[in-house]
Student: 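A single structure is presented below for examination.
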Amino acid sequence: MIDKITLEKTLPQVFAGMENDQPVCLSQVWLQDVEFARPDYYMVEAESGTGKSSLCSYIYGSRGDYSGRILFDGHDVSEFSINRWCEIRQRALAYLPQEMQLFPELTVMENIEIKNRLTGCKSRKWILDALERLEIAVKADVPAAKLSVGQQQRVAIVRALCQPFDFILIDEPVSHLDQRNNTIVANLIREEAEANSASVIATSVGNKINIPITHTLKL
């Protein structure tokens, strides 16, 4: 279980030497001490190129090209073993990357079941019900490559929710959705967050997810 994620003076290495440049100077995240606690709702607003996807990757542990420290309940994540990261990613930290990372040759259900077999979290009925709510149940046996980008985004959202979590990172989760589908997706994510007493950390460059954000940070 993770109750608190802390960033201490974190800065992407690509921004090293740019500490006095306007984007870095005005950031409420980079080179700051920032705390994300559960349960709560956070929005990280950013312009393109300011590092929002990098931030998610750093917290998720898939990248380490930054200075400063990231702490989970006071423990520096740079010291975590591969096994510990695997456990965290299955039981405490969910992630919806902007790129979605679906396997194009696999069907919708196959993409979701890869994740769900690792976690054993959701029943097939829950998955089908979620796909129905997101109006893509008819695509369950269709290869991901044949879906629109918006449909792929909804599949990736269902997959991300197929695990227990204390925090969920959602990187531009509704960038390809209209307002109606935005609300449907937001309600599903909110329900799962509340069921897990978890926090949502969302990013946006414009189209924001319709959840009740309590903290907004400018990247």
Side-chain angles (χ1 to χ4, degrees), residues 1-8 10 12 29-30 32-44 46 51-66 68-102 111-122 126-127 130 153-174 185-186 188-204 209 211 213-215 217 219:
M1 179 180 291
I2 302 171
D3 289 318
K4 184 169 61 177
I5 296 174
T6 306
L7 276 61
E8 293 185 345
T10 305
V29 176
W30 301 136
Q32 307 298 318
D33 291 336
V34 180
E35 181 176 293
F36 301 100
R38 60 185 286 261
D40 220 331
Y41 295 90
Y42 298 87
M43 176 64 68
V44 179
K52 61 174 181 51
S53 295
S54 296
L55 174 65
C56 293
S57 296
Y58 297 158
I59 294 174
Y60 196 64
S62 54
R63 287 176 56 186
D65 54 323
Y66 61 88
R69 297 201 304 166
I70 297 176
L71 311 175
F72 290 176
D73 293 333
H75 301 285
D76 191 331
V77 303
S78 67
E79 300 174 357
F80 289 179
S81 66
I82 293 175
N83 287 340
R84 187 169 183 185
W85 271 118
C86 288
E87 182 179 357
I88 286 171
R89 291 169 185 158
Q90 288 185 34
R91 301 297 169 189
L93 192 59
Y95 182 28
L96 172 67
Q98 183 183 353
E99 300 82 5
M100 295 176 281
Q101 299 175 353
L102 298 176
N111 268 283
I112 296 171
E113 286 172 345
I114 287 175
K115 170 74 170 287
N116 199 50
R117 280 197 296 270
L118 290 172
T119 64
C121 182
K122 300 297 187 182
W126 184 94
I127 294 171
Q153 194 164 46
R154 282 174 275 175
V155 173
I157 288 164
V158 174
R159 182 189 59 185
L161 294 173
C162 285
Q163 68 169 91
F165 58 91
D166 302 317
F167 288 84
I168 183 168
L169 306 165
I170 47 177
D171 189 7
E172 290 195 68
V174 294
V185 162
L188 180 60
I189 292 174
R190 184 179 181 181
E191 288 170 16
E192 290 299 305
E194 290 178 353
N196 286 275
S197 297
S199 276
V200 176
I201 303 175
T203 73
S204 173
I209 188 169
I211 55 176
I213 299 298
T214 51
H215 304 279
L217 298 170
L219 193 58

Student: Return the minimal non-hydrogen interatomic distance between Ala160 and Ala94, and the atom names on each side.
Tutor: O-CB, 3.6 Å
Student: Quick one: side-chain hydrogen bond (donor to acceptor under 3.5 Å, both in side chains) partners of Gln32, sequence neighbours excluded?
Tutor: none
Student: Mind checking whether Thr10 and Val29 have side chains closer than 4.5 Å, heavy atoms only?
Tutor: no
Student: About how many Å separate OG1 of Thr203 and CG of Leu219, when rounded to the nearest 0.5 Å?
Tutor: 9.0 Å
Student: Taking only residues two or more places apart in sequence, or in another chain, which ones meet Thr214 in a side-chain hydrogen bond (donor to acceptor under 3.5 Å, both in side chains)?
Tutor: Asp40
Student: Can you see which heavy atom on Cys56 is nearest to which on Leu169, and at what distance?
Tutor: O-CD1, 3.6 Å
Student: Kindly write out the residues that satisfy side chain to side chain contact (heavy atoms under 4.5 Å, CB included) with Cys121, not counting sequence neighbours, or none if the list is empty.
Tutor: Asn116, Thr119, Pro164
Student: Taking atom CD1 of Ile201 and atom CG of Leu93, what is their separation to the nearest 0.5 Å?
Tutor: 8.0 Å
Student: As an exercise, state the distance from CZ of Phe167 to NZ of Lys4, rounded to the nearest 0.5 Å.
Tutor: 10.0 Å
Student: Taking ring-ring contact (aromatic ring centres under 6.0 Å, His included) as the test, write out the residues that go with His215, two or more places apart.
Tutor: Tyr42
Student: Pairs in or reaching into residues 79-89: which pass salt bridge (charged side-chain N to carboxylate O under 4.0 Å, His left out), with residues at least two apart or in two chains?
Tutor: none
Student: According to salt bridge (Lys or Arg N to Asp or Glu O under 4.0 Å), who are the partners of Arg190, at least two apart in sequence or on a separate chain?
Tutor: Glu194
Student: What pairs with Asp3 under salt bridge (Lys or Arg N to Asp or Glu O under 4.0 Å), at least two apart in sequence or on another chain?
Tutor: Arg38
Student: What residues, two or more places apart in sequence or in another chain, satisfy side chain to side chain contact (heavy atoms under 4.5 Å, CB included) together with Ala130?
Tutor: Trp126, Val158, Leu188
Student: List the residues meeting side chain to side chain contact (heavy atoms under 4.5 Å, CB included) with Leu71, not counting sequence neighbours, and say none if there are none.
Tutor: Thr6, Glu8, Arg69, Asp76
Student: For residues Val77 and Trp85, determine if any side-chain heavy atom of one lies less than 4.5 Å from a side-chain heavy atom of the other.
Tutor: yes
Student: Nearest 0.5 Å, please: how far is CZ in Arg159 from CG in Leu102?
Tutor: 5.0 Å
Student: Who pairs with Ala186 by side chain to side chain contact (heavy atoms under 4.5 Å, CB included), at least two apart in sequence or on another chain?
Tutor: Asn182, Ile209, Asn210, Ile211
Student: When rounded to the nearest 0.5 angstrom, what distance separates OG in Ser199 from CD1 in Ile168?
Tutor: 11.0 Å
Student: Roughly how far, to the nearest 0.5 Å, is CG of Leu7 from CD1 of Ile59?
Tutor: 5.5 Å
Student: Let me know which of Arg91, Gln90, Lys115 forms a side chain to side chain contact (heavy atoms under 4.5 Å, CB included) with Gln163.
Tutor: Lys115
Student: Quick one: which residue pairs count as a side chain to side chain donor-acceptor pair (under 3.5 Å) with a foot in residues 51-61, not counting sequence neighbours?
Tutor: Lys52-Gln98, Lys52-Asp171, Lys52-Glu172, Ser53-Gln98, Ser53-Asp171, Ser54-Arg63
